[in-house]
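What follows is a single structure, written as structure tokens, with notes after it.
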Amino acid sequence: MFQADEVQYDDQLGLTIAKGHVEISQGGEVLLADQVSYNQRTDTITASGHVSLLSPTGEIVFSDFIELRDSMNNAFAQNVRMLLADRSRLAANTARRIAGNRTELRRGIYSPCDLCRDNPSAPPAWQLKAREISDDKEYKLLEFRDVVMEIDGWPVFYAPYMSQPEPGVKRASGFLMPSFGNSNTNGFHFGLPYFWAIDVDKDLTLGPRFYSRAGPLLAAEYRQRFGNGVLDALGSLNYSNVGANGDTSIDHQFRGHVNASGVWDLDPTYRTGFQVQRVSDQTYLLRFGLGVPLLNAMISRAYLEGFQPNAMTDVNGYMFQPLTPGLGDSTQPIVMPVANRYWVSEPDSWGGRWRLNANLLNIVREVGTQTRRLSLGSMYDKTFRDGIGGQYRFTASLRGDAYSVNDLSNKSNPELPSSFFSQTGMPPLSPISYNFLTGRAFPQLGMTWSYPLVHRSDDITATIEPMTGVFAGPAGGNQRRIPNEDSLGFEFRDSDLFRPDRLAGYDVLDTGQRVDYGLKLGVYHKDTGNYRVLVGQSYRAQVNPFLPPGSGAETRLSDVVGRVVMSPSSYLDLVYRFRLSKSDLSNKASEVGINAGPQSLRVGANFLLLAPQQQSELVTNPIGQSILFGKREQITFSTVAKLTRYWSLTGSETLNLSNSTNFINGIPTPQSNNTSLYATVAGIYQDECMAFIASVTQSGIRSGDVTPGISVMFSIVFKNLGEIGGTVLSTQGSLL
């Protein structure tokens, strides 16, 4: 296509001259200029005056003068400015295009940053100046030679050669930005990762780090995407002799970890996957800053899952590696497997539903109890209303459990009665068989009732809703010799009110007859927000001795539990959860959370208070730790401040307000050696082309040979280039 305000032809010279708003389109490229001349004999286009060349890839070239040959595949231009597809900018004295797929620029400048609106002549936030810049369309690569990086106009870095993928290229092989830092235990470290785009569906990242004290560390991550799934494998290996507090007197040894996962869809209903997490020792991840799992344990898992409109199936296998000092691997359960099948019916003619579930569990251990369990259960559930506004939910359930137990041991299950086992060489007081078969059946009926009362006006709606739940079942069914594998750590909370079965898992039954009662209040105002309160209690006809001591529900009359939620405006949210002693309403447990302020200055605080536990209140957590907690009183502060358009400040601190000691597996363990458990402050700068993060973090936690300390981190992210930085300083032992 060709158009212009004025066109002149010279047939003798084979020359066409177009003037005024000239537009030429050929092969997907569009040329705009004030004046264009075309020589048919040499197939040369010469354009001048406000020249713009638009390519099919979205790039635009601006120039004072441009000459194009060979169907616009070869070109030469002066005073060039280029706008790339991602709005990055290139400028150069001259530019040359070769064979339509390679552009070479002399004395060029590259930057993805926007120019200042008030002063466009000012230098951008950062830019690269190079003697030569080449843009290769075949390899989709930008190359810089004799390049200097400038930040706010100041030169900060020089390199004889640098390359980066073209904007829009998501994956390309090459070295990534280096990282560096210093630690008083590991010494100075430097890392230079390399990314290898093996194919369109797989890649490998190699991340070697070199420590002056802790030797070399090689980390690698392999990723692959399949037509029906994905695989991600991360691992590291270190060879050093660094021990506690930088002690190098021990022998050199290999240390490392692996964290791999994958998931594949088998069909529209079922999928399968795995997760492998293992580490050479309990403090390796902390020492090298590789991140600690949420439950402080490495969990390996293989699974099969199926999801249907009215049913679900899952089969899981687990292995656990605890990262808590004093807790070994030999007594950890190896779950091979645990399988569940859930099914719910469509509503019947009365509006009720049948729910069926089956559970199969097989646990083996290197040392300790071997447990096999089969559980089958069903429940009928129906909700209805009466004629005066009352709301009812009726449930009827029946569950049967069968157990096969071998090598019963309190080494792996410390919640078992000590009288079953020999103590200090003496025979057991209540000897039992350590290998046995047993079973039980547990029926239960439940009915909950509520009567919501509502008052409405033009501006406000108020609700009062008394609630009662009655649940009846046999008082027996639990057995002391059945190991508790999945019903550990129960604590009575407001969310447990009006639930037929308040315990997780299958091993402990919520037996007997009980009444739950409570009151819900609500006030909703169109201008001043909403306020909600729930308070309740539970009364049992018989004591369930299998509920954990100190849980708040171990006696016939439970503690009083509740919550208060206040949201007077979008600038303030408050949540208060509490458990009060049934005898004198003293505080047994409190959680307070508050968030206040506009988005430019958001402040939060969370307070936790748990009363100290007595020896009779010893509990066992899900990873097998027997814990007797001291008084736990902590408060966490956090803030996010938007200082300017680009600058923000964040900070948080968790304070331990009591100097108490926990007993983990009988070993005294201080909660912290400092009142500050964790504190961090970070400054963040972020605009359209770069981000800068600097933070100082203090930890008061001790874990094995990792002691309390301080770390300083900074990181700079340059758009299209990558990230540079890391933990520049890490000290341990300074807070003892």
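This structure is a prediction, so every number in the text was calculated from the model and none was measured.
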Okay, side chain of [X], backbone of [Y]: is any donor-acceptor separation there less than 3.5 Å?
X	Y	result
Arg107	Ala91	no
Arg171	Ile198	no
Trp196	Leu206	no
Ser648	Ala641	no
Asp70	Asn73	no
Asn74	Ala99	yes
Gln275	Ile299	yes
Ser212	Phe188	yes
Thr654	Thr636	no
Asn93	Arg106	no

What distance do [X] atom [atom1] and [Y] atom [atom2] have between them, rounded to the nearest 0.5 Å?
X	Y	atom1	atom2	result
Ser37	Lys19	OG	NZ	10.5 Å
Phe274	Leu304	CZ	CG	15.0 Å
Arg287	Asn238	CZ	CG	10.0 Å
Gln127	Ser88	CD	OG	13.0 Å
Ile17	Thr46	CD1	OG1	10.0 Å
Asn595	Ser638	CG	OG	6.5 Å

Please give me the minimum heavy-atom distance between [X] and [Y], naming the atom from each residue.
X	Y	result
Leu31	Ile66	CD1-CG2, 4.4 Å
Cys113	Ala125	SG-CB, 3.9 Å
Trp264	Gly229	CD1-CA, 3.8 Å
Glu166	Leu141	CG-N, 3.8 Å
Phe718	Ile716	CZ-CG2, 3.3 Å
Thr94	Val80	C-CG2, 4.3 Å

Taking atom [atom1] of [X] as the centre, report whether more than 12 heavy atoms of other residues, nucleotides or ligands fall under 6.0 Å from it.
X	atom1	value
Phe190	CZ	yes
Tyr194	OH	yes
Arg96	CZ	no
His525	NE2	yes
Lys140	NZ	no

Taking [X] first and then [Y], would you say they form a salt bridge - that is, a charged N and a carboxylate O separated by under 4.0 Å?
X	Y	value
Asp265	Arg271	no
Asp232	Arg223	no
Arg602	Asp573	yes
Arg97	Glu29	yes

task: With side chain to side chain contact (heavy atoms under 4.5 Å, CB included) as the test, would you mind laying out the steps for Val51 and Leu53 before giving the verdict?
output: CA-CA 7 Å; Val51 181; Leu53 180 62; 5.6 Å; no
task: Go through the steps for Met149 and Leu128 under the test side chain to side chain contact (heavy atoms under 4.5 Å, CB included), then give the verdict.
output: CA-CA 5 Å; Met149 171 177 275; Leu128 297 177; 3.7 Å; yes
message: Show, in sequence, the C-alpha distance, side-chain angles and deciding distance for Arg225 and Asp201, and conclude whether the salt bridge (Lys or Arg N to Asp or Glu O under 4.0 Å) test is met.
response: CA-CA 5 Å; Arg225 186 173 292 278; Asp201 62 340; over 6 Å; no
Residue list, side-chain contact (heavy atoms from CB on, under 4.5 Å) with Ala596, at least two apart or on another chain: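 Only Leu572 meet the side-chain contact (heavy atoms from CB on, under 4.5 Å) criterion with Ala596.
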Parallel, tilted or perpendicular: rings of Tyr211 and Phe288 (30°, 60°):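 The arrangement is perpendicular - the two ring planes meet at more than 60°.
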query: Do Phe210 and Leu192 have side-chain heavy atoms sitting under 4.5 Å apart?
result: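 No; the side chains remain at least 4.5 Å from each other.
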- request: Determine whether Glu132 and Asp146 make a side-chain contact, defined as any pair of heavy atoms from C-beta on separated by less than 4.5 Å.
  value: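 Glu132 does not reach Asp146 side chain to side chain.
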message: I'd like to know whether Asp114 forms a salt bridge (Lys or Arg N to Asp or Glu O under 4.0 Å) with Arg89, so could you lay out the CA-CA distance, the side-chain angles of the two residues, the decisive distance to 0.1 Å, and finally the verdict.
response: CA-CA 9 Å; Asp114 294 338; Arg89 294 170 173 82; 3.6 Å; yes
message: Would Tyr222 and Gln224 count as a side-chain hydrogen bond (donor to acceptor under 3.5 Å, both in side chains) here? Give the steps.
response: CA-CA 7 Å; Tyr222 176 80; Gln224 183 170 356; 2.6 Å; yes
- prompt: What do the steps show when you test Leu105 against Met82 for side chain to side chain contact (heavy atoms under 4.5 Å, CB included), and what is the final call?
  reply: CA-CA 10 Å; Leu105 301 97; Met82 294 179 62; 4.0 Å; yes
message: Could you check whether Phe2 and Tyr38 have their ring centres less than 6.0 Å apart?
response: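 Between Tyr38 and Phe2, the centre distance exceeds or equals 6.0 Å.
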message: Ring centroids only, cut at 6.0 angstrom: are Tyr646 and Tyr685 within range, meaning strictly under it?
response: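 Centroid separation for Tyr646 and Tyr685: below 6.0 Å.
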- request: Tell me, with the steps shown, if Glu221 and Thr205 meet side-chain hydrogen bond (donor to acceptor under 3.5 Å, both in side chains).
  value: CA-CA 5 Å; Glu221 182 177 14; Thr205 302; 5.2 Å; no
message: Once side-chain hydrogen bond (donor to acceptor under 3.5 Å, both in side chains) is applied, do any residues pair with Glu23, and if so which ones, sequence neighbours excluded?
response: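 For Glu23, the residues satisfying side-chain hydrogen bond (donor to acceptor under 3.5 Å, both in side chains) (neighbours in sequence not counted) are Gln3.
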